[in-house]
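Notes follow once the structure below has been shown.
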Amino acid sequence: MAEPLLRVEGMTVEFEASGQSLTPVTDITFHMERGETVCLVGESGSGKSVTSKALMRLTDFAQGRIASGSVKLDGQELTTLPQSVLRAIRGKKIAMIFQEPMAAFDPVYTIGAQLTETILKHDKKTKQEARAHAVDLLRRVGFPEPELRLTQYPNELSGGMLQRAMIAMALACGPELLIADEPTTALDVTIQAQILRLLSDLQTEYGMSILLITHDLGIAAEMADRMIVMYAGRIVEVGTADRLFAQPRHPYTAGLLRSITTMDSDRNAPLYTIEGAPPSVSEFPSGCRFHPRCPLATDLCRSEVPRLSGADGHTAACWHTDVLLQEAALPAVPPGYASESPAAVSVSEVLAAAEHNESTVTGSEDKGRAEVLIDVRGLTKHYAVKGSFGRTKATIHAVDDVSFSIREGETFGLVGESGSGKSTLGRVLIQLERATAGQVFFQGEELTAMDDRRHREARRDMQMIFQDPYGSVNPRWTIGETIGEPFDVHERLSQPEKRRRVEELLQAVGLNPRWYDRYPHEFSGGQRQRIGIARAIALRPRFVLADEAVSALDVSVQAQIVNLMQELQQQLGLTYVFIAHGLNIVRHVSSRIGVMYLGNLVEVAPAEELFRHPAHPYTAGLLASIPVPDPSRKREFGSIQGEIPSPASPPSGCRFHTRCPAATARCREEAPRLTDIGTGHSVACHYPL
Amino acid sequence: MKAVTGFKPLWKADRRQRVRIGQLGAAQLFLGAAGLILAFIALCAVAPQWVTSYSPTKIDPTSLMQPPGRLHWLGTDYFGRDVYTLIVYGARDSLLLGLASVLVGGVAGAALGTLSGYIGGWVDALVMRFIEVLMTIPGILLALAIAAATGPSLTNVVLAIAASAVPRYARVMRSQILSVKHRHFVLASRSIGSTGLRIFFKHVLPNSFAPFLVMATIGIGTSILAGSGLSFLGLGVVKEIPDWGTVLAQGRGYLTVAWWICTFPGLAIALFVLAINIIGDYIRDVLDPRNGKG
Amino acid sequence: SGGKAELPASTAKQAAAGAKPVPGGELTYALATSPDTLDPAASGFAVSHRVFRNIFDSLVFQQTDGTYQPWLATSWTKSDDGKAYTFKLRQDVKFQDGTSFNAAAVKANFDHLGKVSGQARSLLGPVASSEVVDEFTIRVNLSKKFEPFLSGLSSAFFGISSPKALQEFGDQYGKHPVGTGPFKFVKWTENSEIVLEKSPDYNSPPPIAENKGASYLDKLTFKIVPEEATRIGSVQSGQVLAGETVPPQNIASLKSDPKFKVHQAITNGTAFSLYLNTRSETWKDLKARQAIQLAVDPDLIVKTLYLGAYPRAWASLTPGVLGYNASLENKVKPDVAKANQLLDELGWKKGADGIREKDGKKLTLRYLEPSPNREKRNDIAVIVQQQLKELGVSVVLNITKDTATPLKQGDYDLFGNSQVKADPDILTNLFRSDRSYDKGGTNWSSLNDPQIDKLLDEGSAESDPQKRKAIYEQIQQYLHDNAIIIPIYVFPYTVAQASKVEGLKFDLLGYPLFYDVSIRK
Amino acid sequence: MTGTISTRLLTSLLVVIGSSVLVFIIMYVLPGDPVLQMLDGNSTTPEAIAALRHELGLDRPFYQQFFDYFLNLLQGDFGHSRINKDPVLPKILEHVPATLTLTLVSTFFSIVIGIGLGVLSAIHRNGVIDFIARFVGLFGISMPSFWTGILLLLVFSIQLGWFPAMGSEGWETLVLPGLALGLVGAGFIVRLVRNTMLEVLGEPFILTLRAKGLAERAVMYGHALRNSLIPALTMVGLTIGELLSGTVVIETVFSRQGIGRILADAIMAKDMPVVQGVVFFSAMIYVGVNLLVDLSYTFVDPRIRRSQ
Ligand SMILES: Nc1ncnc2c1ncn2[C@@H]1O[C@H](COP(=O)(O)OP(=O)(O)OP(=O)(O)O)[C@@H](O)[C@H]1O
Ligand SMILES: Nc1ncnc2c1ncn2[C@@H]1O[C@H](COP(=O)(O)OP(=O)(O)OP(=O)(O)O)[C@@H](O)[C@H]1O
Ligand SMILES: [Mg+2]
Ligand SMILES: [Mg+2]
């Protein structure tokens with residue numbers, strides 16, 4: 001057997017920080033063949049990025065080092081090479097693409113300068129040749145006007161464009177190994193599909209190997225020849241994509257696979273979750289690092305580190321693979337895990353205890369009545385972009401003439417590409433901002449006509465969960481203070497009373513009440529999002545707006561939060577508007593879904609209906625862009641082409657006509673109205689599918 | 001516990017660990033030294049007679065301009081006063097000058113900057129123009145104007161220095177407020193129905209203080225120096241016991257014959273500024289719960 | 001310390017003493033402050049005078065012994081009533097702009113006096129008119145007898161300007177001075193330098209000059225260097241050839257260095273003295289003032305601050321001025337016990353903090369002193385503060401740029417001052433009752449004694465030097481007895497120069513004379 | 001972009017006018033009698049004093065003086081010095097270049113030293129070099145400029161004779177004062193650049209550059225430094241205002257010409273027209289420099305350029 005392109009043997013990476021050493025990655029062994037696509041998957045913090053950076057010895061710049069093991073590229077040992085030699089390999093033999101294209105470019109140089117810089121560094125070319133090469137590269141990755149783009153600065157390109165440019169830069173010197181570290185997480189589903197297709201096209205063309213790092217199993221399924229699953233700094237499973245999806249040999253992989261929401265998962269059952277949170281680097285558990293969260297864990301797991309074993313290139317590091325393979329399914333709820341968080345106390349219990357001061361509770365039995373809670377009529381929000389002397393330079397049509405209603409107790413999902421106006425609609429809906437035109441009725445009362453004071457009152461009933469679990473809590477407040485703030489504002493509670501209520505809330509969202517006095521930075525993302533939720537439900541609102549409330553979280557944590565939200569909804573009779581770009585999750589939680597495009601609501605339908613029979617070409621395109629976590633259903637990425645136009649000058653007629661495969665002259669001229677096409681399904685399209 | 005995408009800013013990483021670990025690294029050593037210096041200076045300010053046995057005012061023609069030695073560690077000045085003793089006794093006014101002017105200028109500047117940044121709109125425009133106007137007025141003119149209003153005194157020097165520092169504080173505060181006021185936790189507080197005032201005092205203000213604090217720690221040093229600049233121009237206050245800056249200004253003519261007269265007070269200022277900076281950074285870290293615990 | 005090896009010290013000395021001055025070269029001279037204007041009649045600053053003397057000649061010359069010699073005036077007569085002076089003028093002198101020097105020119109200068117406000121007006125006193133008698137004869141009429149008239153005439157503040165230039169430049173004449181002196185004005189870069197160059201046809205040297213023709217120096221540049229360290233450093237490093245007001249602490253090392261020479265020329269006029277405000281509520285009491293007189297120890301001040309380089313003063317006038325009362329020397333000795341006793345007698349009792357009190361009022365002395373610290377006078381204030389503290393007097397220092405306001409409002413108990421003038425009549429402006437500050441005078445002590453007024457008037461009118469002397473001695477005695485002023489020191493104008501600069505001289509007032517200066521190659 | 005510039009110009013004008021008015025009021029309110037100060041015991045008569053007061057227009061009511069002054073200013077007439085009757089405008093124009101060059105040179109030194117040390121300090125974070133660089137920077141802030149000035153003068157001019165101790169003609173005279181003044185600003189810049197540099201070095205794009213195989217030098221100076229310049233530039237813009245009047249000390253130490261000294265002298269002498277003129281000019285310069293700084297951002301940072 002020929003020597004593989006890359007062979008990593010027992011690699012351990014250490015970081016040194018003021019005398020303390022951290023080992024985020026331990027004993028990594030894998031290889032990559034030429035022309036092969038290998039996906040590295042795992043939860044956030046599992047060491048994927050560190051692994052990829054260590055391969056290029058980029059960890060050296062972060063006070064890290066490869067403490068042991070070997071990395072051989074083409075038989076050449078990289079771990080002992082001096083930086084000067086390594087520099088000739090970086091960018092030339094191994095190239096890298098990063099997660100956030102916006103942040104990966106130096107903002108003060110043009111795209112062209114940064115491209116040619118790479119070329120000139122590695123290839124003996126004149127400036128002209130380098131430039132010509134750059135133009136060529138940009139054309140390859142699908143830039144319509146490469147010469148023009150060369151002279152532009154990173155901030156002048158969209159995320160999708162930048163990611164293409166990034167790929168062009170990585171390809172500049174014809175690398176043998178391309179490492180792509182979450183290349184599409186920052187992008188829209190539609191763009192993501194475009195980029196992934198580009199990558200696989202280029203791979204065929206250049207015959208290079210790709211190490212694709214992702215936490216989206218859907219992407220892995222679509223792209224990978226082989227997969228590597230990491231957990232807490234160790235590889236737990238390696239195998240071909242097909243076999244790994246078909247028959248995971250490690251409980252963690254199995255759990256991950258189960259916690260994915262797919263288009264066909266059962267909406268009525270709660271999502272499967274791996275309980276607990278991934279451990280932090282400084283306190284990795286002994287033995288098998290997954291054992292605290294593993295339903296199969298035994299004493300052996302706690303004390304001994306399992307080694308990768310298995311046949312036919314499908315290996316797993318688990319003591320109980322055989323048990324896993326025998327059992328049809330894992331136990332639904334794993335037994336108590338050794339984390340500090342309390343065993344999930346039933347929400348209903350906790351809330352029942354706090355019931356006494358609330359008179360009206362709309363239980364789940366009211367769901368059927370389906371009264372209209374919120375009615376939105378012709379809602380419009382324009383932003384004026386101010387020039388000098390207060391002149392309006394441009395008007396951004398963030399939300400344009402949107403009408404729909406939300407029924408009591410339901411979850412209304414909002415989807416659409418980035419910039420389509422979802423958040424704006426949400427903000428105007430709960431009156432965090434004033435609408436430019438249109439009305440919002442809440443329980444029949446017109447919110448848009450209230451004064452500030454009345455608004456603040458009305459806030460009791462309308463709450464919001466923010467996307468960003470880190471930024472949405474005051475870092476200087478203890479979580480108790482944060483969650484208790486609504487009580488300070490609306491109910492003058494005594495200190496002990498407030499504390500009691502907050503502790504109940506903490507319990508309700510699955511946090512330990514003893515953590516009242518802790519600061520946000522001491523919590524994980526998922527835990528912080530629970531804090532946000534606790535704050536949102538503190539005043540027993542009727543309505544909660546969740547704007548990308550789970551987008552920033554890991555899949556497994558996402559599932560925990562979604563379950564929590566749904567449980568709360570049932571207990572408290574909440575009505576949600578759920579904004580997300582993960583379509584699968586929206587489908588799972590929503591009863592009805594609205595699709596937005598460039599400020600317009602283009603389609604509204606019950607969730608199942610929308611997914612099964614999308615009527616708008618845009619909806620159909622969106623759905624087609626979703627990667628399916630099933631390697632057996634690999635398809636062509638048949639997604640929408642191009643990018644969303646600027647909301648400052650939206651296209652005439654149907655705003656989607658510029659990207660619509662079925663657009664006609666009529667679409668260019670006449671804006672379609674949202675019309676009912678039966679079974680609560682409305683669409684704004686002249687030619688619904 | 002925290003998920004990290006890409007490399008986190010490194011200095012942050014190591015600072016956090018530095019504080020967490022609490023082991024005796026170079027940083028702790030500096031901190032300790034800074035603490036000692038400040039404690040000593042504070043002692044000088046409160047009870048100078050404990051730290052030296054000489055009189056700061058006794059004029060002694062028999063020991064003029066003696067170089068540093070056993071009797072006079074840092075030498076004597078042109079009045080025959082012990083330089084070390086001068087520094088010790090001068091600490092009080094120097095501290096007063098540094099702290100009071102930062103306090104006055106800082107409070108005024110922070111208030112203006114806060115007003116400007118938080119309210120925005122025409123208030124912002126107005127305040128910022130005023131700040132700019134203030135910046136174009138030369139410090140000496142302000143010093144004179146203020147001195148003229150009430151006669152020359154330490155208070156006036158403090159006011160003058162404070163007045164010319166106002167723009168700096170205002171600008172720092174404003175930009176910080178501007179960046180904090182759009183943070184999500186502010187929006188979150190608004191979304192639960194908090195009033196503007198509440199949001200301001202509970203969320204915006206506490207989170208805007210760090211850069212201001214850094215600025216203020218530097219400001220203490222510059223204020224002492226501004227005092228010496230005024231003395232240089234003859235606008236300072238002549239007191240029985242001069243502050244460090246004044247000694248520096250008055251002793252400069254003796255640099256060639258008695259370098260120690262104005263070098264040691266200068267060193268005293270430098271050490272003080274250094275210590276204040278180290279402590280200032282430390283306080284900033286401690287005030288930030290992200291660094292203080294864990 | 002040792003001489004240079006290649007040039008034995010003796011040879012150098014020989015060259016200095018024997019050889020004729022070598023013409024040529026440029027003298028750079030560092031001034032401590034900047035002149036305000038180069039229009040002699042418009043200025044009152046000593047520093048301006050130092051520059052004027054080179055551009056302008058005067059009608060008469062006052063010798064260091066106080067007598068007068070002809071200069072631009074060849075001879076003069078005084079009328080019997082002492083109110084008219086007639087001058088015969090030199091006929092061969094030309095201004096630097098080519099204008100002829102004559103009686104009309106002198107008259108133009110007298111007329112110019114009325115348009116500006118400098119020291120010249122007070123120096124010349126009651127000048128009523130001037131008339132051209134013939135082309136080279138001029139008569140000046142005074143409204144009353146004024147003995148210091150010739151002294152005023154000899155001052156460079158009444159250096160004779162070209163009438164053409166006066167006419168031509170009007171308001172701006174101060175930037176374009178033209179005289180008959182040995183140097184003509186080239187340029188003045190404000191705050192930086194004043195450049196003069198040799199006037200080649202110069203033929204009107206003062207009587208004491210050794211040189212008779214054009215100046216030896218081609219160029220004379222005054223650099224304005226306010227910072228002491230820079231000024232002295234520049235002399236030491238050779239960047240200027242000479243610099244004025246060497247601080248006492250630098251004198252010793254410069255003196256011992258053979259590469260440099262230090263001159264100390266006593267400036268005449270009034271000694272630097274502390275003027276006690278006799279109108280002050282607290283200090284109008286003679287005993288109180290005497291206590292101060294006994295408690296302040298000028299010897300200590302002179303020894304500490306000036307390292308003995310400045311002589312201690314005993315009387316209001318400096319020793320070089322006519323009428324100096326030498327009998328006052330060593331008359332006072334510090335006597336704190338007696339001073340304490342005097343204050344006790346007045347009922348000022350020491351309080352807990354060591355400060356005396358009476359009727360709940362603390363015994364304070366408001367010490368007014370202009371800033372910056374010229375001639376270390378602010379340091380004197382600090383010493384006096386310490387000395388008086390022992391007496392139980394709290395001295396409140398008001399050291400400020402703006403002395404005008406407190407002076408005008410009388411908000412001070414003590415004010416330090418010295419003045420430069422060759423004639424004892426200087427005391428009129430200092431002590432005559434009508435010469436209060438707000439009226440343009442300098443009666444810092446707010447003295448209001450008809451007897452003194454009378455003596456001052458007599459002094460200015462008396463033409464017999466012996467009688468004059470007696471009058472001024474009497475006044476000084478009075479000032480001492482009544483503890484009006486406390487004389488501290490006599491200011492020696494100190495110049496450090498490179499040894500190769502030769503022939504630098506000083507006049508009666510301590511002003512440098514550059515005409516005879518030459519630079520050894 | 002043009003819109004922004006015109007707005008900036010307009011507000012700048014407002015600032016200049018505002019500062020003129022404020023200075024006028026300050027000068028008016030300042031106690032002290034300019035006439036008495038001018039005569040200062042030159043034994044003139046009360047009549048002469050009154051005449052002078054009248055001549056200077058000081059006997060007129062405030063509003064009249066105020067309007068007269070600004071009406072004249074509108075016609076470009078800055079008036080005459082009260083002390084020596086010099087017309088103010090030429091006087092200022094004569095001195096502005098010296099101050100401006102000094103300011104520029106010292107700014108140059110600030111930037112070179114500040115950025116140099118700041119970068120070194122960031123690159124060698126927590127190392128010996130870092131410590132030294134930071135200490136030098138702090139020392140710059142903690143010693144008054146006259147002290148450093150005199151020290152430089154004693155060493156480089158008097159001992160070594162490398163540079164002249166005084167004067168304002170020729171580049172040689174700019175070195176020492178520029179350095180003395182520049183060290184102060186450098187101290188601030190070191191601190192600033194170090195922080196931003198470290199921040200920038202933590203940015204993801206730095207990793208990209210390294211992943212491309214670029215040499216460290218290119219990463220540090222070509223990319224990280226350029227990205228760290230904006231805060232330093234802002235700082236410079238702000239300190240220039242302070243520098244203009246702050247030059248008086250250094251101008252005095254090095255016997256340089258300059259509006260700093262003119263201003264100080266004029267303020268002490270209550271020479272209102274001169275004070276007004278100088279402040280007017282330095283306000284203009286201040287405003288102009290900050291305009292330039294803002295514009296220069298756009299050269300350093302394209303994000304600002306194109307977004308306007
Ligand atoms: N420079 C560093 N110094 C110290 N620790 C580091 C450093 N870089 C990363 N780590 C730690 O290593 C662990 C693994 O990080 P890594 O970035 O590889 O995770 P990841 O799997 O890529 O996660 P994500 O999906 O969030 O990108 C994290 O806990 C992180 O805190
Ligand atoms: N305050 C504002 N001022 C100006 N424009 C704004 C403002 N807020 C939003 N916009 C613009 O309005 C449009 C809609 O933005 P919005 O945030 O509502 O989109 P979104 O659908 O939530 O996108 P994402 O998925 O990225 O969150 C965007 O083009 C955005 O740039
Ligand atoms: Mg990562
Ligand atoms: Mg959004």
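Letters A, B, ... are given to chains in the order of the sequence lines, protein chains preceding strands, and every chain is numbered from 1. This one's a predicted model, so the numbers in the text were calculated from it and none came from an experiment.
Proximity to chain A (any heavy atom under 4.5 Å) is shown, for B:Arg190, by both the backbone and the side chain.
Counting only residues at least two apart or on different chains, no salt bridge (charged side-chain N to carboxylate O under 4.0 Å, His left out) pair has a member in residues 31-44 of chain B.
Heavy-atom minimum distance, B:Phe185 versus A:Pro475: CE2-CD, 3.7 Å.
Rounding to the nearest 0.5 Å places OG1 of B:Thr195 at 5.5 Å from CZ of A:Arg456. Note: A:Asp468 CG to B:Leu187 CG = 11.5 Å, rounded to the nearest 0.5 Å.
Applying the ring pair (Phe, Tyr, Trp, His ring centres under 6.0 Å) rule to A:Phe543 yields no partners; only residues at least two apart in sequence or on another chain are considered.
Between chain B and the residues A:Asn474, A:Val489, A:Ile430, the most heavy-atom pairs under 4.5 angstrom are made by A:Asn474. Ranked by non-hydrogen atom pairs under 4.5 Å with chain A, the options B:Ser194, B:Ala188, B:Ser191 are led by B:Ser191. Put simply, of A:Gln463, A:Met464, A:Arg453, A:Arg535, the one with the most heavy-atom pairs under 4.5 Å next to chain B is A:Gln463.
For the pair A:His490 (side chain) and B:Ile192 (backbone), a donor-acceptor distance under 3.5 Å is present.
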**OP:** Please lay out, stage by stage, how A:Glu485 and B:Arg198 fare under the test side chain to side chain contact (heavy atoms under 4.5 Å, CB included).
**Re:** CA-CA 10 Å; A:Glu485 191 180 13; B:Arg198 179 188 168 82; 3.0 Å; yes
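Ion pairing between B:Lys202 and A:Asp488 fails under the 4.0 Å rule for side-chain N and carboxylate O.
For OH of A:Tyr516, the number of neighbouring non-hydrogen atoms (other residues, nucleotides, ligands) closer than 6.0 Å is greater than 12.
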